[in-house]
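Notes follow once the structure below has been shown.
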Amino acid sequence: PMHADEQPINCGSCAKWNAPQAQFKLHGNSYYVGVGGLSSVLITTPNGHFLIDGGLPQSAEVIKQNIQALGFDIRDVKWLLNSHAHYDHAGGLAALQGMSGATVVASGETVKALKLGQALPDDPQYAADNTMTFPSVASARSSRDGGTLALGGVKVTAHDTPGHAPGGNTWSWQSCEAGKCVTIVFADSLNPVSEPDYRFSDHPAYLKAFRQSIAKVRALDCDILVSAHPDFSDLFEKAAAGTLVDSNGCRKYADEAEARLTKRLSQEALSVKSD
């Protein structure tokens, strides 16, 4: 029988997001193990592994199988990291934590949401009707902006990037292969998506933090970019073309995010606020 934490969430894009995707190497000890529309990255070390993001509840089994296909074991995952607490990136965490026994790590705001099993009230996508729920994570540890997690000679750095969600996190690390070291960035979503009646312009402090997050991602040392949704960084196309290493990746990603935010704010300025 299916575990409760793996009960599928049905949303308009869920089937497309959860389409199977063959696992592939990013560089050295880092591999893409996610599904077709939701990124998940495995970083392997001799002392256990990191896994970033869990997709949907129904993605957990696919991620586990992709890890197995590479010759690794989900039970060796020690750190389970999250970008943000929306059901399409955090939905599979409870199941993956159950399979692995790993410690979940995310920003303080995200940890609050993970334990609740739903988006926080200040999330632009928060809906009072609870459409933003997902299996809650029993225990999780808070990361610190600029703090690192070390395991088997690998250090992963946490970068607070709130905006798309209040507790957004971007993660970066170095991967080496045949004497060539690259910095890989797992960039959080930077897309200004919201509930219909939410206006970013009504939340100046939140908006300022969002802009700072975009600037932070733009400035990161970034040889290979994996965005939380792979299509936002043309990840599969770059992998197929052998052009994953692209020192402009984060800059382009941030510029596109900024353009979308600017467009969104101009739309808000044009629309008359209704009571």
Side-chain angles (χ1 to χ4, degrees), residues 39 52-53 81-90 93 104-128 132 134 137 140-149 156-173 183 185-222 225-229 232-233 249-271 273:
S39 296
I52 309 178
D53 268 6
L81 316 179
N82 182 222
S83 58
H84 65 273
H86 286 166
Y87 62 79
D88 50 337
H89 306 279
L93 293 178
V104 172
V105 185
S107 76
E109 286 297 288
T110 296
V111 166
K112 271 188 242 174
L114 292 178
K115 288 182 175 173
L116 282 171
Q118 66 175 65
L120 296 173
D122 60 334
D123 192 309
Q125 290 182 66
Y126 174 78
M132 294 296 283
F134 52 86
V137 173
R141 191 183 289 191
S142 296
S143 59
R144 198 171 42 78
D145 186 31
T148 58
L149 291 167
V156 179
T157 303
H159 309 273
D160 286 357
T161 47
H164 175 78
N169 251 356
T170 289
W171 303 90
S172 67
W173 66 98
T183 300
V185 173
F186 189 107
D188 190 23
S189 300
L190 295 173
N191 207 10
V193 188
S194 75
E195 275 292 287
D197 59 351
Y198 182 94
R199 292 161 60 96
F200 286 90
S201 39
D202 289 342
H203 302 86
Y206 191 91
L207 182 59
K208 185 183 177 193
F210 199 162
R211 289 192 191 282
Q212 286 170 339
S213 298
I214 293 171
K216 187 184 280 190
V217 171
R218 183 185 284 116
L220 285 177
D221 189 10
C222 177
L225 166 67
V226 179
S227 50
H229 287 269
F232 276 90
S233 52
C250 282
R251 211 166 304 149
K252 184 170 179 277
Y253 183 64
D255 287 347
E256 288 169 356
E258 182 146 35
R260 278 193 300 272
L261 184 57
T262 301
K263 184 180 173 190
R264 169 65 194 249
L265 293 171
S266 65
Q267 286 167 340
E268 289 182 5
L270 289 170
S271 69
K273 194 172 181 190

Would you indicate whether the side-chain heavy atoms of [Y] and [X] approach each other to under 4.5 Å?
{"X": "Phe210", "Y": "Pro192", "result": "yes"}
{"X": "Thr170", "Y": "Leu220", "result": "yes"}
{"X": "Leu265", "Y": "Leu207", "result": "yes"}
{"X": "Val137", "Y": "Lys115", "result": "no"}

Which atom of [X] lies closest to which atom of [Y], heavy atoms considered:
{"X": "His164", "Y": "Asp123", "result": "O-OD1, 4.0 Å"}
{"X": "Leu225", "Y": "Gly249", "result": "CD2-O, 3.4 Å"}
{"X": "Gly163", "Y": "Pro124", "result": "O-CG, 4.0 Å"}
{"X": "Tyr126", "Y": "Leu120", "result": "CB-O, 3.3 Å"}
{"X": "His203", "Y": "Arg199", "result": "ND1-O, 3.0 Å"}
{"X": "Asn169", "Y": "Asn82", "result": "CB-O, 3.6 Å"}

Within the distance-only criterion (no hydrogens, no angle test), does the side chain of [X] pair as donor or acceptor with the backbone N or O of [Y] below 3.5 angstrom?
{"X": "Ser227", "Y": "Ser233", "result": "yes"}
{"X": "Gln118", "Y": "Met132", "result": "no"}
{"X": "Arg141", "Y": "Ala106", "result": "no"}
{"X": "Asp53", "Y": "Ser83", "result": "yes"}

Just do the side chain to side chain contact (heavy atoms under 4.5 Å, CB included) check on Phe232 and Asn191 with the steps written out, would you? CA-CA 10 Å; Phe232 276 90; Asn191 207 10; 3.6 Å; yes

Pairwise distance [atom1]([X]) to [atom2]([Y]) - rounded to 0.5 angstrom:
{"X": "Ser107", "Y": "Asp188", "atom1": "OG", "atom2": "CG", "value": "9.0 Å"}
{"X": "Arg144", "Y": "Asp160", "atom1": "CZ", "atom2": "CG", "value": "10.0 Å"}
{"X": "Cys250", "Y": "Ile214", "atom1": "SG", "atom2": "CD1", "value": "13.0 Å"}
{"X": "Thr148", "Y": "Trp171", "atom1": "OG1", "atom2": "CH2", "value": "10.5 Å"}
{"X": "Ser189", "Y": "Tyr253", "atom1": "OG", "atom2": "OH", "value": "5.0 Å"}
{"X": "Arg264", "Y": "Ser201", "atom1": "CZ", "atom2": "OG", "value": "8.0 Å"}

Parallel under 30°, tilted from 30 to 60°, perpendicular over 60°: which one fits the rings of His229 and His89? perpendicular

Parallel, tilted or perpendicular, judged at 30° and 60°: which one describes the rings of Tyr206 and Phe200? tilted

Side chain to side chain contact (heavy atoms under 4.5 Å, CB included) between Val226 and Ile52, intermediate numbers included: CA-CA 11 Å; Val226 179; Ile52 309 178; over 6 Å; no

Going by the side-chain hydrogen bond (donor to acceptor under 3.5 Å, both in side chains) test, which pairs reach into residues 210-220, not counting sequence neighbours? Asp145-Lys216, Arg218-Asp255, Arg218-Glu258

List the residues meeting salt bridge (charged side-chain N to carboxylate O under 4.0 Å, His left out) with Glu256, not counting sequence neighbours, and say none if there are none. Lys252

His86/Phe134 under ring-ring contact (aromatic ring centres under 6.0 Å, His included): CA gap, chis, key distance, verdict: CA-CA 8 Å; His86 286 166; Phe134 52 86; 8.5 Å; no

Will you find, in the side chains of His159 and Ser172, an N or O donor that is under 3.5 Å from an N or O acceptor? yes

For a quick check under 3.5 Å, do Ser194 and Gln125 share a side-chain donor-acceptor pair by atom type? no

I would like to know whether Leu81 and Leu149 meet side chain to side chain contact (heavy atoms under 4.5 Å, CB included); could you show each step before the answer? CA-CA 10 Å; Leu81 316 179; Leu149 291 167; 3.4 Å; yes

